Every structure is written in C-alpha cells, then in structure tokens.
Number of protein chains: 2
Amino acid sequence: MTLSDAIETHLRDLLAYQGEVELKRSDLSDYFACAPSQINYVLTTRFSVERGYQVESRRGEGGYIRLRRLNCPDLPELLESLVRFEGQLGQAEAEALIGRLEEGGLLAGRVARMLRRAVDRRVLAVPLPERDLLRYRLLTEMLAAYLATVGGERR
Amino acid sequence: MTLSDAIETHLRDLLAYQGEVELKRSDLSDYFACAPSQINYVLTTRFSVERGYQVESRRGEGGYIRLRRLNCPDLPELLESLVRFEGQLGQAEAEALIGRLEEGGLLAGRVARMLRRAVDRRVLAVPLPERDLLRYRLLTEMLAAYLATVGGERR
DNA sequence: GCTTCGTTGACTAATCCTGATCTATTGTAT
DNA sequence: ATACAATAGATCAGGATTAGTCAACGAAGC
C-alpha cells in the first residue's frame, strides 16, 4: 500500500457519496504529509478519463481541485477501446470512431460534425507526433464530457 | 468564494432586476471594503464583452459606472467579433464566449461542457504561444460547424 | 541489472488584490 | 474665458496565494 494508493482510496471514498468533490490541493498534501505535486501524480495516474474521472482546477486565491466521477453506460467500453491506441489517435481512426458513435445514436449529427472538425489535421495543425497525442486527449475528453452523466442525472 | 466572486454575484443580482445598472465605483468599494481598483478588476474579468456585457463610465464630479447586458450574437456576428483576437484565444476568453452562447440558448448544456473541455489548457497541453493559436482555430471551427445552417436548415 | 512506479523539490503559471500614480470631468475664482 | 482646485474613475506594476510541470532520484518488481 503506497502513499498514492492511500490518496486514491481516500478520494474514491469521498466520491462514493457524491459524484463530485471539491478540495484544496494543499489541504490534501498536508493531510497526507506529502509534497503537493504528489497529488497531481495521483490525479493523472488514477483519475484519468480512461478510468472514468474528470478533473478541473483553478489556481490563486480561492483555488481548488474538483473531481468528478463520470457516469455513462456506454462510456467504459468506449474508453476501453481507446486504450489500445496508447494515447495516440490518427485522423482516420478518430473519424471512424465518431462515425460509429453517430450510427449508434450516441452523437447527434451536429455534434458529430463538430467533432470531425476538431480532429482534422488542418485544424489541429501541430506537427506529428504531438498531433496524434493531442487528438487523442481532445476526443476522449470531449466525448466523456458529452456522453457522461453525474449522479445518475443527465446534465 | 473570493471577494471578486461576491462582487460579481452582487452585480449580477442587480442586473437580474433591471437590464441596466448605474452605480458609483466608490460606493461599491466602500460596501465591500476593498480597493476601488478591485471593482475594475471584477469588471474586466467578469463583465467583459466576451461574456456579453457592456460597461460605460465617466470620471469627475457626478461620475458613474453603467453596466448593461448585451444580446446574444448570431454566428456571423460571433465570427466577426472573434476577429479582434487576432487568431489567439486565452482560456478565460474562450470560456466566457462559450458561457455567453450557452446563456443565449445557442449551445446546449452538454455541448457547452464539451467545448469547455476542449479549450482547457490541460487538455490542449501544448506550450504557449501555440496553445492560444490552437485554441482559436479549434473553437472557431467547432462553433462554425455546430452553429452553421445549410439551406436554412440546421444540420 | 533493468524497467517501471512513486516521491520530492525547484521552478513556472494563473488568479486575486492593493496602492501609487495618471487621466478625465466638473466647479470656482478671477 | 482661463486657470486652478476638487472629484472620481482608470491603469499598471507588483505582492500574495494558490496549482502545475518537470527532471531527478530512489524503491519495487521483474
């Protein structure tokens, strides 16, 4: 049981009650008597979209970290299938994925159209291999945000 | 809840009653027991044009600050107004725009949430200044794709 | 041993808030 | 009409307060 595991467990416990939790990074690092950056490590390794979580944050006075548990029947398989892309996604693969979701009725036509624009290499316009990494992050985060529900309620 | 948030809330409440509010900066800063310049900070960060507000003011004897809500832009106006960003867009500005379009009923809640993820600096995760350029391209392209009407019909 | 995972600390970045100083507008005395 | 004083908002640099990034090093598991 590492420190990271302990922090993960703690956060999961909090999330079990509410689908969303807000906290201060410094409070958490004080509580676990660790470096503040340790919190970031846990967040990126254990609370990623692939695992069904989303993280928001703000710096400065009144800063916070907000954790959300994603809730969507179709999301797990979807993200599971993304894992094999290993964090990278080519344009063709992205378009194929969007097409399948649209046919499956999970994406409205306008939304699908918008997503296709977003994964276009001319719109992203950053050199490879960063482009495929960016496309992966973008699409997974956007799909999660669009498809997920929180607390069993459609947002 | 920071001081800025409190001031923002207060002003929003006032605006909810009347579409236009006139007040003295010094009164407000007295009321919140803060520096007068704090009011300016709130005005520029929370009541910007991107967020759909217009601010007028006069100095000297009889000076005042007048706050007004603007109507939600349609796609042509929107694209026109984006020009002034010169191909770059910060996260705060992007979020302001998305919020305004959402309030105006042009973006559904889920779509707005999705777009907010897309403009998040942690999702884009490319170094500045490329990040602001990328954000601009992404948002304009996606909004155009989503809001566009073809043959008078929403696609 | 080598590779992966966990942990830390030094540096970076965003956000809020204030105070000193500047500018615009009006009032008043000559 | 002009000059000066008084009033009130604007601007800007910088300090304070958070959170993020990254490289390095150590620990744990093959």
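Just the heavy atoms: all of them, side chains too, but no hydrogens, waters or symmetry mates, feed the values below. Note that the coordinates shown come from a computational prediction; the quantities given were computed from them, not determined experimentally.
- Among the nucleotides dC17(C), dA10(D), dG6(C), the one closest to the side chain of I65(B) is dA10(D).
- When the side-chain nitrogen and oxygen atoms of R131(B) are compared with OP1 and OP2 of dA14(C), one or more of them lie within a distance under 4.0 Å.
- Residue E61(B) has its side chain nearest to dT26(C) when only dT26(C), dG9(C), dG9(D) are considered.
- In the interface, the side chain of R25(B) is not paired with the base of dA8(D) through any donor and acceptor atom under 3.5 Å apart.
- L3(A) comes within 4.0 angstrom of the backbone, heavy atoms only, and of no base.
- A sub-4.0 Å separation between OP1 or OP2 of dC16(C) and a side-chain N or O of T45(B) is absent.
- By the 6.0 Å contact criterion, CG on N71(B) is open, its count of non-hydrogen atoms from other residues, nucleotides or ligands being 12 or less.
- Here S26(A) reaches the OP1 or OP2 of dA19(D): one of its side-chain N or O atoms lies under 4.0 Å away.
- Across all strands, T2(B) comes closer than 4.0 Å only to sugar-phosphate atoms, never to a base (heavy-atom distances).
- For the OP1/OP2 pair of dA10(D) and a distance below 4.0 Å, the side-chain nitrogens and oxygens of S57(B) include at least one atom meeting the criterion.
- Between R122(B) and dA14(C) there is no side-chain N or O to OP1 or OP2 distance below 4.0 Å.
- Atom CG of N40(B) is separated from atom C1' of dC16(C) by 14 Å (rounded to the nearest Å).
- The shortest distance between the side-chain N/O atoms of S4(B) and the OP1/OP2 oxygens of dC17(C) is below 4.0 Å.
- A straight line from CG of L43(B) to P of dC16(C) spans 14 Å, rounded to a whole angstrom.
- In this structure, the side chain of D13(A) does not engage the main chain of H10(A) through any donor-acceptor pair within 3.5 Å.
- Here dG9(D) presents its P atom at 17 Å from CZ of F47(B), a figure rounded to the nearest Å.
- Here the P atom of nucleotide dG9(D) and the CG atom of D30(B) are 10 Å apart, to the nearest Å.
- Taking only side-chain nitrogens and oxygens, R59(A) never comes nearer than 4.0 Å to OP1 or OP2 of dT17(D).
- Side-chain atoms of S48(B) never come within 3.5 Å of backbone atoms of T45(B) as a donor-acceptor pair (strictly under, hydrogens ignored).
- Spacing between atom CD of E56(B) and atom P of dA10(D) amounts to 12 Å, rounded to whole angstrom units.
- The side-chain tip of R110(A) points at the ring of Y146(B) from less than 6.0 angstrom away and within 45° of straight on.
- Rounded to whole Å, atom P of dT12(C) lies 14 Å from atom CG of L128(B).
- Where K24(A) and L23(B) each meet DNA chain D at their nearest nucleotide, the meeting point lying more 5' is that of L23(B).
- Checking the phosphate oxygens (OP1, OP2) of dA10(D), no side-chain nitrogen or oxygen of R58(B) falls inside 4.0 Å.
- By the 6.0 Å and 45° rule, R68(B) does not stack over the aromatic ring of Y53(B).
- Projected onto DNA chain C by closest heavy-atom contact, Q91(B) and C34(B) fall at different nucleotides, the more 5' of which corresponds to Q91(B).
- Residue E8(A) contributes atom CD, which lies 9 Å from atom P of dG6(C) at whole-angstrom precision.
- When heavy atoms are screened at a 4.0 angstrom cut-off, G60(A) is found touching base atoms of the nucleic acid.
- One finds no salt bridge joining R116(B) and E95(B) here, because no Lys/Arg side-chain nitrogen approaches an Asp/Glu carboxylate oxygen to under 4.0 Å.
- In this structure, of dA8(D), dT7(C), dC16(C), it is dT7(C) that holds the atom nearest to the side chain of Q38(A).
- Under 4.0 angstrom from either OP1 or OP2 of dT15(C) there lies at least one side-chain N or O belonging to R121(B).
- Regarding contacts with the backbone of dG6(C), a side-chain N or O of Y41(A) is found under 4.0 angstrom from either OP1 or OP2.
- The pair E141(A)-R122(B) fails the salt-bridge criterion, with no side-chain N (NZ, NE, NH1 or NH2) lying under 4.0 Å from an Asp/Glu carboxylate O.
- Straight-line distance from the OH atom of Y64(A) to the P atom of dG20(D): 11 Å, rounded to whole Å.
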